[in-house]
Structures are given as structure tokens and as C-alpha cells.
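Residue numbers run from 1 in the order of the sequence given. Numbering of ligands and ligand atoms starts at 1, following listing order.
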Amino acid sequence: MIATLLAVFLLVVPLHSQYDSATVEYYAQLITDLYENGQTYQQPTNAYEYYSHIERQKYGNYDFVVIGAGAGGSVAASRLSEIATWNVLVLEAGGYGDNATDVPNLYTPIEFTHYNWAYNSTPQKTCCLGAQNQICLYPRGKGVGGSTLINGLVYARGYKSDFDKWEKFANDKRWGYDSVLHYFKKSENFVHNDKEAPCDPSYHGTGGYLRVEYHQPNSPQLNAFLEANKELGFDIADYNANKLGASQTQINTINGKRLDDAKAFLHPVRQRKNLKILTHSYVTKILTDKGVATAVEFSHKGKNYFVEVNKEVILAAGTIGTPQILMWSGIGPKRHLNNLKIDVVADLEVGTVLRDNTLFYGITIHTNYTEPVRPLRDYVEDYLKGVGPFTIANNLAGVGFYESSYTKGTGTPDIELVFIPANATNSLSAKRVGLTEETYEDLWKNVDVPQSLVVYVVSLHDVSTGTVRLKSKNPYDYPMIDSNFLSDRGNKDIKIIYEGIQLVLKLLKTKAFRKMNATLQGRPLRACRNNEYLSEGYWYCAIRQVSSNLYHPLGTCPMGTDIKKGAVVDSKLKVFGFRNLRIADASVFPSPLAGHPNAPTVMVGEQLGDLVKLTYNKN
Ligand SMILES: Cc1cc2nc3c(=O)[nH]c(=O)nc-3n(C[C@H](O)[C@H](O)[C@H](O)COP(=O)(O)OP(=O)(O)OC[C@H]3O[C@@H](n4cnc5c(N)ncnc54)[C@H](O)[C@@H]3O)c2cc1C
Ligand SMILES: *[C@@H]1O[C@H](CO)[C@@H](O)[C@H](O)[C@H]1NC(C)=O
Ligand SMILES: *[C@@H]1O[C@H](CO)[C@@H](O)[C@H](O)[C@H]1NC(C)=O
Ligand SMILES: *[C@@H]1O[C@H](CO)[C@@H](O)[C@H](O)[C@H]1NC(C)=O
Ligand SMILES: *[C@@H]1O[C@H](CO)[C@@H](O)[C@H](O)[C@H]1NC(C)=O
């Protein structure tokens with residue numbers, strides 16, 4: 001009885017106390033300020049804020065040092081610190097998330113804050129041509145939670161065939177589908193809060209740290225998207241259960257608030273006496289001695305330190321940060337390190353491959369359905385209740401996974417559509433992708449935002465790869481990122497996007513969309529005026545203009561068996577040639593996945609925990 005009363009009290013009271021007008025006012029101001037400051041915010045172009053000339057001091061001595069508190073690092077640190085006799089230090093360059101990172105729909109303006117490293121690519125020849133200086137932007141999260149502080153929150157693991165391939169690269173069953181499925185379920189707390197949305201419970205876990213739920217409520221446009229898919233013969237299916245088809249998006253929120261991976265995996269265990277999270281700590285080097293990592297150098301609040309390592313260094317600084325730190329430490333391609341006058345410790349193909357998913361964002365569709373426009377304070381009240389437009393990042397409400405002509409009949413998707421029912425752009429969108437004025441005018445300037453839906457077309461298994469290299473030996477310089485996507489000789493990547501566009505045009509012709517009088521919007525891109533509007537040539541041109549990486553960089557330290565074939569870590573996540581240096585982040589993926597990388601990175605973090613426990617007989 002008392003327990004019931006207490007439960008009711010706990011459920012009801014916080015909800016009501018959230019409605020006071022001061023709180024609503026506070027959030028309305030927070031949101032307004034973030035958009036306003038975003039207009040003038042200057043992104044950093046290097047990491048000199050961390051520079052210190054003060055001679056280094058010893059910070060202490062830990063069993064495990066985890067570098068980076070992003071997706072992989074949060075999970076790794078959480079699992080390692082389960083062993084009470086191990087002490088674990090986490091070094092993270094940024095600080096903690098806050099009320100702004102918690103609001104999923106601040107997805108765009110949050111990029112114009114200190115939570116974003118904000119890297120740029122080098123000028124491109126095959127992609128991002130409609131952007132200023134032909135540069136693709138590489139947002140990366142900085143802070144406890146890493147990129148999951150600023151990401152789109154889409155939970156999508158990838159398909160069975162992806163992990164079958166991974167198993168082959170690793171030559172280890174640990175990375176095959178049965179094994180990774182166990183880890184996906186272990187991490188997950190699936191809440192089936194939208195009974196209309198498809199869910200195959202045998203593929204989901206409910207006891208884990210990482211909550212997965214559906215955004216609420218569904219919009220009429222999203223329902224039209226699902227209907228349209230059915231009309232074309234596609235299933236409405238749980239895409240995390242290895243099935244093709246369309247669905248409401250499964251997202252990492254908790255009652256509509258962002259659940260970044262640190263909030264999921266680290267905050268619940270922060271009290272552990274053997275776990276220390278040191279924020280504002282920028283790692284510049286891993287010290288090694290004959291294949292043993294001995295210490296980690298970092299700067300922290302104007303001072304330089306080194307921390308000694310008793311057992312292992314777990315590198316989890318992400319797809320860009322991890323190869324940088326390795327190369328600063330002399331672990332990388334010999335010829336590149338020689339050019340920069342960095343002493344070579346190990347000759348490995350670090351950063352030689354950079355993968356991503358290509359995203360085409362050039363389709364806007366006008367309908368005669370208008371998304372209601374309400375005062376900001378109404379949206380805030382909804383947010384505090386856990387529903388409505390502010391509880392979803394960029395309104396990424398629906399997804400579909402489809403075979404391409406290359407994978408027809410195999411059950412492996414090659415094309416993803418991401419469905420944005422309305423409000424796909426806002427005052428910071430052009431800045432977000434760095435569009436030129438001309439591209440912006442052609443693409444978005446005259447779009448009626450609440451009356452338009454957008455379908456992103458994504459290529460899932462890109463053949464093209466780029467590189468991550470150092471600009472200099474100076475660890476405060478940003479890296480050189482060459483995206484190089486849509487550059488494969490066979491033009492497979494661009495053809496997949498083109499097929500995806502044709503699929504969208506087919507969806508538009510369904511009854512479901514005709515009922516909304518759905519028509520293509522925007523005017524022909526001037527950059528593509530030599531091609532007849534909507535012809536195949538036009539689309540190929542448009543794809544190179546208004547495509548971007550999908551913020552899914554991965555694979556810069558790939559798992560494999562042979563360093564001569566470019567492998568950097570083995571199937572136990574160990575860097576080749578080192579006894580106690582492992583990587584636990586998205587840089588180890590050996591090949592692209594038909595999913596979004598957060599879920600598989602969490603899986604890598606889980607595996608890291610078990611692998612290390614196994615090594616020391618603690619499992
Ligand atoms: C805008 C955006 C949208 C995205 N949308 C989605 C999505 O919807 N779904 C999805 O699954 N994925 C999405 N992603 C990708 C996903 O968030 C990442 O793939 C995932 O977080 C990668 O995890 P990680 O551990 O490899 O790196 P991260 O999460 O980036 O963590 C790396 C951490 O290391 C820290 N670090 C780096 N260098 C140093 C250093 N020298 N010293 C100390 N600390 C350092 C960083 O500050 C960071 O906290 C998105 C990413 C972005 C940027
Ligand atoms: C965050 O918002 C809550 C209300 O939801 C408020 O109590 C708290 O003070 C805010 N935090 C900061 C740092 O402003
Ligand atoms: C949708 O866009 C309209 C027009 O730009 C804007 O007034 C409205 O606030 C937006 N809605 C949300 C939830 O951001
Ligand atoms: C939208 O357009 C369709 C088809 O042209 C029409 O039947 C329908 O009545 C229109 N709806 C509204 C709200 O205007
Ligand atoms: C449908 O949309 C087109 C283009 O936006 C417009 O010209 C036409 O009048 C609309 N038809 C109806 C029935 O709303």
C-alpha cells in the first residue's frame with residue numbers, strides 16, 4: 001500500500017511540478033537564444049583552447065584509462081568499472097551535457113555551440129559541390145556522451161548480412177549476427193510505447209541501460225508515408241529485426257528527452273568509487289614501450305599531465321579523434337608519419353580508410369496538408385510532457401530500408417529513406433551544411449516549411465572511401481579529412497542514390513500521397529541547368545551538389561586479421577603490435593552497415609567490456 005502510494009506520488013508529482021510557467025519560460029528562452037546565438041557563432045578551426053606550455057605533472061596511476069566518453073567510451077567505462085577492484089579513469093575533452101542537449105529538436109542549433117568539434121573536409125571534387133568551397137562539414141560531439149549529445153537519435157543496428165561480413169573480416173564468431181544480437185539486447189531497454197508501430201520482441205531487450213522508444217504522436221504525413229509503402233508492396237516492419245520495409249523511427253529518448261549514451265551508461269554508475277570521469281581533458285599522446293602502453297598525456301585546465309596505466313588503455317575518441325591520437329603517438333602509416341617528422345612506433349594503416357553513408361537531401365515535397373504552427377510555449381509544454389515536435393531530432397519520424405538493383409532478392413538493404421513529415425529546415429539549416437547562397441536559394445529559400453515534407457535518400461554500403469590524415473605533428477591542429485564520397489569508378493554509390501530518388505518519386509504517385517496533392521517543390525538547381533529538369537543527368541548532377549556525409553564516419557582503424565590488408569585492430573579490439581592498447585569506438589567497423597552507427601558502437605563497447613574481463617578472468 002505504502003509502496004503503491006509512493007509510486008503514484010513519484011509518478012505524478014514531478015510531472016505536475018514541471019508545468020510551472022517559470023520552467024516553460026526558461027525553456028522558451030533557452031531555445032530562442034540557441035537559435036539566435038547560432039547565427040553568429042564561429043566554429044573553432046583548431047584545438048588551441050587546450051594548449052598549455054606548463055611542464056607536465058603526474059596525474060596518478062590507474063588500471064584502465066579510457067580516452068573519450070562518447071558512445072563507445074561510455075559503455076566501456078561503465079562495464080569495466082563493474083569490477084570493483086579495478087580503477088578506471090575516463091579522459092574527455094568536453095564537459096557534461098545540459099538542458100539544451102537534452103532537447104532532441106535542438107539538433108540543428110546545438111551544432112553551433114561548444115558541444116561540436118566542427119571539423120571540415122578538404123575541398124571536394126565529387127560531392128558537396130553546392131557547399132561553400134566544396135567542403136563537407138563533419139560535426140562531431142564533444143563532451144560526456146560524445147556525438148550522442150548532438151546526434152539524430154535514430155536507433156538502427158544494421159542487418160544480419162552486415163555482421164556476417166564483419167565476422168569474416170574478423171575471422172571470429174564474436175562479431176557474427178548471433179553474437180552481436182546478444183549484445184544489442186543486453187544494452188537495450190525497449191519500450192513499445194506506440195502499439196501501432198511494428199516491433200518484433202524476440203529481437204529486443206528490455207533490461208538494459210539504453211532506452212529505445214517511439215516518438216509520439218504520429219503525424220498524418222507519416223501515416224501517408226507508411227500507407228504509400230504498403231501500396232507499393234513494402235512491409236511495415238521492425239527494421240531492427242533484420243526485416244526490410246518502412247516504419248516509425250525507433251529513437252533513443254526517455255520520455256521525449258535525449259538519452260545520450262553517457263546518460264544511459266555512465267550517469268547511473270557515476271557514484272562508483274573506482275570510476276573517475278575527468279572532463280576538459282584533451283589527450284595528445286599515448287606513451288608506449290616495446291608494445292606496451294604505459295601512460296597517457298593530456299592537458300587539463302591550463303596544465304599538462306601524464307597518467308600511468310597499470311593494465312590497459314582503451315581508446316574511444318571516435319572515428320576522427322582515435323586515428324589522430326594514434327598518429328600523434330607514432331602509430332600510423334610510416335610514409336605519412338615520416339613526412340610529418342613523427343617518430344614511427346608502429347607502421348599501421350591508421351586513417352587510410354574513412355567510410356560514411358552518403359545522404360542526398362535535395363528532395364522537398366509540397367503538400368496541401370499544413371503542419372499546425374503553434375506558439376513556442378505550447379511546444380515547450382508538450383516537451384515537458386514528453387510528446388510533440390520538440391521530442392524528436394529534426395523530425396526524423398520515419399525510415400524505410402530497401403534493396404537496390406545490386407541486392408535484389410537478398411534481404412540486404414542498400415537504400416534507406418528517412419522521412420521528415422514537416423519542418424525539415426529552419427533558420428540555421430543552410431549554415432549547417434555550409435550551402436552557397438545560390439544553392440540555398442534554389443533548394444530551400446522559397447519552401448513553405450510547415451507544408452512541405454522531405455525525404456532523405458541514403459546509400460548504405462558505399463564503396464567510395466576517404467582518408468583522415470594529420471596536417472602537422474602539432475596535436476592542436478585539426479586533421480585533414482578527405483571525404484571523397486561518390487568517387488568510386490563504377491559509379492555504384494551515385495547509382496544507388498539515383499535508385500532511391502526514383503523510389504521516392506514512385507511513392508509520390510501513390511494514392512496516399514496523391515490525397516495530399518504531393519508535388520515536388522523547389523526550383524531546378526542552377527548548377528545543373530545544362531540538364532533537362534528531372535532527367536537522369538539532372539539527378540546525377542544534383543546528387544553531387546546537395547549531398548553530404550550522413551555524419552556516420554567510421555572505419556579509420558578497421559578490424560581485420562592482416563595489417564598488410566589495412567587492419568589496425570584484431571578481433572579482440574587490440575591494436576596490432578600492442579599488448580594492452582584497445583579501441584572501442586566506431587573507427588573499428590571493418591565495413592559499412594545498413595544502419596546508424598550509435599547502436600553498433602554501443603555493441604562494440606559492450607564487447608570491449610567482456611573481452612577485457614575475459615583477459616583478466618573476471619567474467
Ligand atoms: C549530427 C550527427 C547526427 C548523427 N545521427 C545519428 C543517428 O541518428 N543515429 C546514430 O546511430 N548515429 C548518429 N550519429 C553518429 C553517432 O552519434 C556516432 O557514430 C557515435 O556517437 C560514435 O561513437 P564513438 O564512440 O565512435 O565517438 P563519439 O561518440 O564521437 O565519442 C568520441 C569522444 O571522444 C572525445 N575526444 C575526441 N578526441 C579527444 C581527445 N584528443 N582527448 C579527449 N577526448 C577526445 C570526444 O569529445 C567525444 O566525446 C550522428 C552523429 C552526428 C555528429
Ligand atoms: C535545467 O532545467 C531545469 C528545469 O527543467 C532547471 O531546474 C535547472 O536549473 C536547469 N539547469 C540549468 C543549468 O539552468
Ligand atoms: C515549423 O516551422 C514554422 C515555420 O518556419 C515555425 O513557425 C514553427 O515554429 C516550426 N515548428 C517547430 C516545432 O519547430
Ligand atoms: C488536397 O488535394 C487533394 C487532391 O488534389 C484534394 O482531394 C483534397 O481535398 C485537398 N485537401 C485539402 C485540405 O485541401
Ligand atoms: C496541387 O498542387 C499543385 C502544385 O502545388 C497546384 O498547382 C494545384 O492547384 C494543387 N491541386 C489541388 C487540387 O490542390
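- Contact annotation for atom 11 (N) of ligand 4: protein present (non-hydrogen atoms, distance under 4.0 Å).
- A heavy-atom distance below 4.5 Å is found between the side chains of Thr253 and Leu153.
- Summary of contacts: the protein heavy atom closest to atom 4 (C) of ligand 5 is Thr519 OG1, 3.8 Å.
- Under a 4.0 Å criterion applied to the non-hydrogen atoms of Asn99, ligand 2 contributes the atoms 1 (C), 2 (O), 3 (C), 8 (C), 10 (C), 11 (N), 12 (C), 14 (O).
- For atom 7 (O) of ligand 5, the nearest protein heavy atom lies 4.0 Å or farther away.
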Quiz item: What do the steps show when you test Tyr282 against Tyr476 for ring-ring contact (aromatic ring centres under 6.0 Å, His included), and what is the final call?
Solution: CA-CA 10 Å; Tyr282 183 70; Tyr476 304 97; 5.8 Å; yes

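- Every N/O-N/O distance between Arg514 and ligand 4 stays at or above 3.5 Å.
- Counting atoms of ligand 2 from 1 in the listed order, those under 4.0 Å from a heavy atom of Tyr27 are 2 (O), 5 (O).
- Contact of the Val144 side chain with the Leu266 side chain is registered, since non-hydrogen atoms from C-beta on lie closer than 4.5 Å.
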Exercise. Begin with the C-alpha distance, continue with both residues' side-chain angles, and end with the deciding distance and a verdict on ring-ring contact (aromatic ring centres under 6.0 Å, His included) for His300 and His280.
Key: CA-CA 6 Å; His300 172 73; His280 304 99; 7.4 Å; no

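- Against a heavy-atom cut-off of under 4.0 Å, Lys515 is close to the following atoms of ligand 4: 1 (C), 2 (O), 3 (C).
- The closest non-hydrogen atom to atom 3 (C) of ligand 5, taken over Ile365, Asp448, Asn517, Asn368, comes from Asn517.
- For Glu92 (side chain) and Gly94 (main-chain N/O), a donor-acceptor pair under 3.5 Å exists by modelled atom type.
- Phe360 has its ring centre no less than 6.0 Å from the ring centre of Tyr456.
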